[in-house]
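Values below: all heavy atoms of this structure, side chains included; hydrogens, waters and symmetry mates excluded.
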Amino acid sequence: MANVNDVASFFVDWANKSEEEHMTNLWLNKLLFFAQGQYLARYGTPLFSDTIEAWDYGPVVPAIYRKYRVCGRNPISAVDDGYAPNKFTRDEQILLADILREYGAYTASALVSMTHQPNTPWSNAYVEGQNNEITAAAMENFFRKPENKLKSFEQVFSVDNLEVIGTRDHEGYLVLPKDEDEGDDWDEL
């Protein structure tokens, strides 16, 4: 099982390597929620052991919120000492890549809107003024539904080396492995 601080550092590291992205506490907590829920749905076990609670602005891992509260709305600028992406198992690496591919393109506000939809784990647990736990069972059940299920990185791309994740070309664009169905047919567009 991964450590929640390492998972948080993974997302912060990804954003810090990007010229366009700036990880905030709000955005980080939403990515942690989606990572936990999708991992539960895919593997039937939690990605990390920390609880997630239903707060006003969506799902929150209290320990991570408190850790980065000093940043306010400003970007989180550094990863934890001792963080190394190779701490993750292959399944964890693939899931984290899937989360970035699927949810990394959305703003924190967009992710908050997604979590606030009716019948989401957050909306079912939320009571104003209370920080109720969003249970692992609620997340697993929600993300196992076909409409909420995340396609695996391995289903989308043919790759054996996950070190390409987060790599950018000389112009700053994110480089991903070629999709098996993707051709070099940009001229046809």
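- Across every non-hydrogen atom of M139 and Q36, the tightest pair is CE-CG, 3.9 Å.
- A donor-acceptor pair under 3.5 Å is absent between the side-chain atoms of T51 and the main chain of E133, judged by distance alone.
- Pairs of residues two or more places apart, or lying in two chains, that qualify as salt bridge (Lys or Arg N to Asp or Glu O under 4.0 Å) and include a residue from residues 45-72 are K67-D80.
- Scanning for ring-ring contact (aromatic ring centres under 6.0 Å, His included) contacts around Y65 gives W55, with sequence neighbours left out.
- From N3, atom CG reaches atom CZ of F48 across 10.0 Å, with rounding to the nearest 0.5 Å.
- Aromatic ring pairs are classed by plane angle as parallel below 30°, tilted from 30° to 60° and perpendicular above 60°; the pair F34 and Y103 is parallel.
- F88 pairs by the ring-ring contact (aromatic ring centres under 6.0 Å, His included) definition with F10, not counting sequence neighbours.
- Across all their heavy atoms, Y83 and S9 have their closest contact at CD1-CB, 3.4 Å.
- Residues G72 and N25 come closest through the heavy atom pair O-CB, 4.4 Å.
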Derivation and outcome, side chain to side chain contact (heavy atoms under 4.5 Å, CB included), residues S49 and M1: CA-CA 8 Å; S49 62; M1 181 179 302; 3.6 Å; yes
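- In this pair, W122 and Y126 present their aromatic rings parallel. The plane angle is below 30°, not in the 30 to 60° band.
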Stepwise side chain to side chain contact (heavy atoms under 4.5 Å, CB included) test for F142 and N119: CA-CA 9 Å; F142 179 80; N119 299 314; 5.8 Å; no
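- L95 CG to L150 CG: the interatomic distance, rounded to the nearest 0.5 Å, is 7.0 Å.
- No more than 12 heavy atoms of other residues, nucleotides or ligands shown are found within 6.0 angstrom of OH on Y106.
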N29 vs Y57, side chain to side chain contact (heavy atoms under 4.5 Å, CB included): CA-CA, chis, key distance, verdict: CA-CA 10 Å; N29 273 280; Y57 290 102; over 6 Å; no
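- Checked against salt bridge (Lys or Arg N to Asp or Glu O under 4.0 Å), D91 has no partners two or more places apart in sequence or in another chain.
- Note on L111: it does not cluster hydrophobically with L26, by side-chain heavy-atom contacts below 4.5 Å among ILVMFWY residues.
- At a threshold of 4.5 Å between non-hydrogen side-chain atoms, the residues V7 and E92 do not count as touching.
- Between A125 and I134 the shortest heavy-atom distance is CB-CG1, 4.0 Å.
- Using a 4.5 Å heavy-atom cutoff, the side chains of F11 and I99 are in contact.
- Counting all heavy atoms, side chain and backbone alike, T115 lies closest to G58 at OG1-CA, 4.0 Å.
- Residue pairs meeting the salt bridge (Lys or Arg N to Asp or Glu O under 4.0 Å) criterion with at least one member in residues 137-146, sequence neighbours excluded, are E140-R144.
- For E147, the CD atom is densely surrounded, since the number of other residues' heavy atoms within 6.0 Å is greater than 12.
- Taken from CG in D98 to CD in Q93, the straight-line distance is 11.5 Å, to the nearest 0.5 Å.
- Linking Ile, Leu, Val, Met, Phe, Trp and Tyr whenever their side-chain heavy atoms come within less than 4.5 Å puts V61 and L47 in one cluster.
- Remark: D13 pairs with K17 by the salt bridge (Lys or Arg N to Asp or Glu O under 4.0 Å) rule, at least two apart or across chains.
- Using a 4.5 Å cut-off between side-chain heavy atoms of Ile, Leu, Val, Met, Phe, Trp and Tyr, with links allowed through other members, M23 and V60 fall into different hydrophobic clusters.
- Note that OG1 of T24 is 8.5 Å distant from NZ of K30, once rounded to the nearest 0.5 Å.
- Residues I64 and L32 form a side-chain contact, since some pair of their non-hydrogen atoms from C-beta on lies under 4.5 Å apart.
- Of all heavy-atom pairs between A78 and Y68, the closest is O-OH, 4.4 Å.
- Atom CG of L40 sits about 9.5 Å away from atom OG1 of T135, to the nearest 0.5 Å.
- With S18 contributing its side chain and W14 its backbone, the two residues share no donor-acceptor pair below 3.5 Å.
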